Chemist: 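I am attaching a structure below and will ask some questions about it afterwards.
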Amino acid sequence: MQKSTAVCVCALVAPVLSWSVLADEAADAGLPSGTLEEVTVTAQKKSENLQKSAAAVTAISAETLVSEGITALTDAQKLVPSARFQTEANNTQIIIRGVGSVLDQPNVEPNVGFNLAGVYLPREATGAAFFDLQQLEVLPGSQGTLYGRSAIGGTINLTPTRPGFNDDGTTLLEVGNYAAVHATITQNLKVSDELALRAALDYARNDGFETTGADAKNDASARLSAIFNPSDRLSAYVWVQGAQKMGWTENLVNKGTDPVTGGYCEPCFFYPNDAWNDTRTGQFAAPYGTTERERNHYKQWVTGAQIDYDLGSVLLSYLPSYLYLDSAPVYWLSAIDTTNTDHFNQFTQELRLSSQGSGPLKWL
């Protein structure tokens, strides 16, 4: 259910690869009528034309993400066919083509993998904001051959915008009801012909949508990245991202009981005139406590890199990463005050060789 509305006050979005180009846009670009702009994806861990990729990929450009107001993974489900992304506290339960998991314990592996800049992130780390992105790719499962763990239901690849060798910057400001404010600021810095930096800041807040004031944001995120190309053969992309949530968690909306008969009714809300009422009063008074809004607790730091070395017909790539995550939200499951505490210190490494060139045989 969508309760908030927002108005984009000002937006300057850097040019990106669009999902498609309409006929008039193609004409403006000097392309023949009906021509589609090339969309590059990394679904098979290499850059290739979407139309030539053997994988079934839903690719959503940064321009589409911004124009549709996609600021979190849960918002993206309206653009991805046969997908369901739902939250429980700070976790995101991902289901693609009916395959997924709604068990949120850290010892239970998810069935759909999530990757940021080529780095695998656990389910508990998917709740950070979407900002300064180049593209979102969704691959239905099974994807275990290339992505290994947690990919029987598919894989989601999130690609941040890399630094550009220029001094361009962008600013996005949105305001809406419930005192909503969302701002994203990005800036490139060309240090030299070999080194470029990029900084991106994102802030979002809004008052609570639910009656108790629950489901409110006060979230800040930042990302710093660098590209260093010391030679034609060597390229290094390094990034670090932090996110913190300081708002109020979402409570479960009370439903499943007919308020007139008191009998079971799956689509019925306790308060028919206000589906966002998360309180329990009168005949529905909670025997275990009174529903309140609860403060969120979520801190995330993740850093990663991709170092590529051109060996001629072969590309050698090394992708290390480290994730720190501390999440302990308190929220109400109907009449039960609960929490889902997660703490991660995760270190990953990936080393791969892949073929290059236009030969008939391609391997990884």
Side-chain angles (χ1 to χ4, degrees), residues 1-7 69 71-78 84-95 101-105 123-124 126-129 174-182 203-220 243-299 326-342:
M1 294 176 293
Q2 183 66 35
K3 195 175 184 181
S4 64
T5 59
V7 177
T71 60
L73 180 57
T74 50
D75 299 331
Q77 69 176 354
K78 64 182 181 181
R84 177 183 174 190
F85 309 145
Q86 62 187 29
T87 60
E88 180 159 346
N90 290 324
N91 297 342
T92 307
Q93 299 169 348
I94 305 173
I95 301 171
S101 173
V102 295
L103 297 176
D104 289 334
Q105 290 78 9
R123 168 182 47 224
E124 292 78 7
T126 59
E174 297 175 301
V175 296
N177 59 349
Y178 289 84
V181 176
H182 176 224
Y203 176 74
R205 78 163 307 279
N206 60 258
D207 291 342
F209 297 142
E210 296 182 288
T211 300
T212 62
D215 197 8
K217 284 184 179 180
N218 185 15
D219 304 342
Q244 184 171 9
K245 294 184 177 182
M246 300 165 286
W248 305 88
T249 51
E250 179 183 4
N251 290 331
L252 184 70
V253 176
N254 298 304
K255 61 177 299 187
T257 301
D258 189 323
V260 177
T261 65
Y264 176 76
C265 176
E266 175 60 30
C268 295
F269 291 94
F270 283 8
Y271 309 97
N273 296 326
D274 185 5
W276 293 86
N277 192 333
D278 58 331
T279 64
R280 294 178 67 97
T281 59
Q283 62 176 322
F284 303 114
Y288 306 110
T290 302
T291 308
E292 300 175 351
R293 66 173 184 174
E294 303 288 354
R295 179 70 71 179
N296 201 349
H297 175 83
Y298 183 91
K299 293 182 179 180
D326 188 47
S327 175
V330 179
Y331 55 101
W332 287 79
L333 291 176
S334 187
I336 302 174
D337 193 15
T338 187
T339 185
N340 191 346
T341 302
D342 302 298

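Here the structure is a predicted model, which is why all the values come from computation and not from measurement.
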Chemist: Thr74 and Thr92: side chain to side chain contact (heavy atoms under 4.5 Å, CB included), yes or no, with the steps?
Modeler: CA-CA 7 Å; Thr74 50; Thr92 307; 4.2 Å; yes
Chemist: Looking at every heavy atom in both Tyr331 and Asn340, which two are closest together, and how far apart are they?
Modeler: OH-CB, 3.8 Å
Chemist: Side-chain contact, heavy-atom cut-off 4.5 Å: Leu333 with Glu88?
Modeler: yes
Chemist: Nearest 0.5 Å, please: how far is CD1 in Ile94 from CD in Gln86?
Modeler: 10.5 Å
Chemist: Measure from the side-chain N and O atoms of Lys245 to the backbone N and O of Gly127, and report whether any donor-acceptor pair falls under 3.5 Å.
Modeler: yes
Chemist: If we ignore hydrogens and angles and just use 3.5 Å, is the side chain of Glu174 paired with the main-chain N or O of His182 as donor and acceptor?
Modeler: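 Such a contact is absent between Glu174 side chain and His182 backbone.
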Chemist: To the nearest 0.5 angstrom, please state how far the CH2 atom of Trp248 sits from the CD atom of Glu294.
Modeler: 8.0 Å
Chemist: Does Lys299 have more than 12 heavy atoms from other residues, nucleotides or ligands lying within 6.0 Å of its NZ?
Modeler: no
Chemist: In terms of ring plane angle, is the pair Tyr178 and Phe209 parallel, tilted or perpendicular, where the classes change at 30° and 60°?
Modeler: perpendicular
Chemist: Hey, are the side chains of Thr212 and Glu292 touching, using non-hydrogen atoms and a 4.5 Å cut-off?
Modeler: no
Chemist: Quick check: closest heavy atoms across Asp75 and Gly69, and the distance to 0.1 Å?
Modeler: OD2-O, 3.9 Å
Chemist: Would you say that more than 12 heavy atoms from the other residues, nucleotides or ligands in this model lie under 6.0 Å from the CZ of Arg205, or not?
Modeler: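 Enclosed.
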Chemist: Is it true that Arg280 and Asp278 have a side-chain N and a carboxylate O under 4.0 angstrom from each other?
Modeler: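 Salt bridge absent between Arg280 and Asp278.
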Chemist: Out of curiosity, Trp332 CH2 to Thr249 OG1, how far, rounded to the nearest 0.5 Å?
Modeler: 11.0 Å
Chemist: Between CZ of Arg293 and CD of Glu250, what distance do you get to the nearest 0.5 Å?
Modeler: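 Arg293 CZ to Glu250 CD: 15.0 Å, rounded to 0.5 Å.
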Chemist: Give, for atom NZ of Lys255 and atom SG of Cys268, the distance between the pair rounded to the nearest 0.5 Å.
Modeler: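 Between Lys255 NZ and Cys268 SG, I get 8.5 Å after rounding to 0.5 Å.
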Chemist: Nearest heavy-atom pair of Ser101 and Gln93: which atoms, and what distance?
Modeler: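 The pair with the smallest heavy-atom distance is O-CB, 3.8 Å.
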Chemist: Is there a side-chain contact between Phe270 and Pro259 (heavy atoms, below 4.5 Å)?
Modeler: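 Side-chain contact under 4.5 Å: no.
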Chemist: Run the side chain to side chain contact (heavy atoms under 4.5 Å, CB included) test on Asn254 and Phe269 for me, step by step, so that the C-alpha distance in whole Å, both residues' side-chain angles and the decisive distance to 0.1 Å come before the verdict.
Modeler: CA-CA 6 Å; Asn254 298 304; Phe269 291 94; over 6 Å; no
Chemist: Quickly, which of Asn218, Asp219, Asn90 forms a side chain to side chain donor-acceptor pair (under 3.5 Å) with Asn296? Name it, please.
Modeler: Asn90
Chemist: Hey, mind stepping through Asp215 and Trp276 against side chain to side chain contact (heavy atoms under 4.5 Å, CB included) and telling me if it holds?
Modeler: CA-CA 10 Å; Asp215 197 8; Trp276 293 86; 4.1 Å; yes
Chemist: So, taking the atom named OG1 in Thr257 and the one named CD in Glu266, what distance separates them when rounded to the nearest 0.5 Å?
Modeler: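 That separation rounds to 10.0 Å.
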Chemist: For residues Ala328 and Thr339, report the shortest heavy-atom separation together with the two atoms involved.
Modeler: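 Minimum heavy-atom separation between Ala328 and Thr339: C-OG1, 3.9 Å.
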Chemist: Minimum heavy-atom separation for Tyr288 and Ala335, please, with both atom names.
Modeler: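 It is CB-O, 3.3 Å.
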Chemist: Is there a side chain to side chain contact (heavy atoms under 4.5 Å, CB included) between Val253 and Glu210 once you walk through the steps?
Modeler: CA-CA 9 Å; Val253 176; Glu210 296 182 288; 3.6 Å; yes
Chemist: Using modelled atom types only, decide if a donor and an acceptor are shared between the side chain of Tyr271 and the backbone of Thr279 within a distance under 3.5 Å.
Modeler: yes
Chemist: Among Leu252, Asn277, Asp337, Asn251, exactly one meets side chain to side chain contact (heavy atoms under 4.5 Å, CB included) together with Thr291. Which residue is that?
Modeler: Asn251
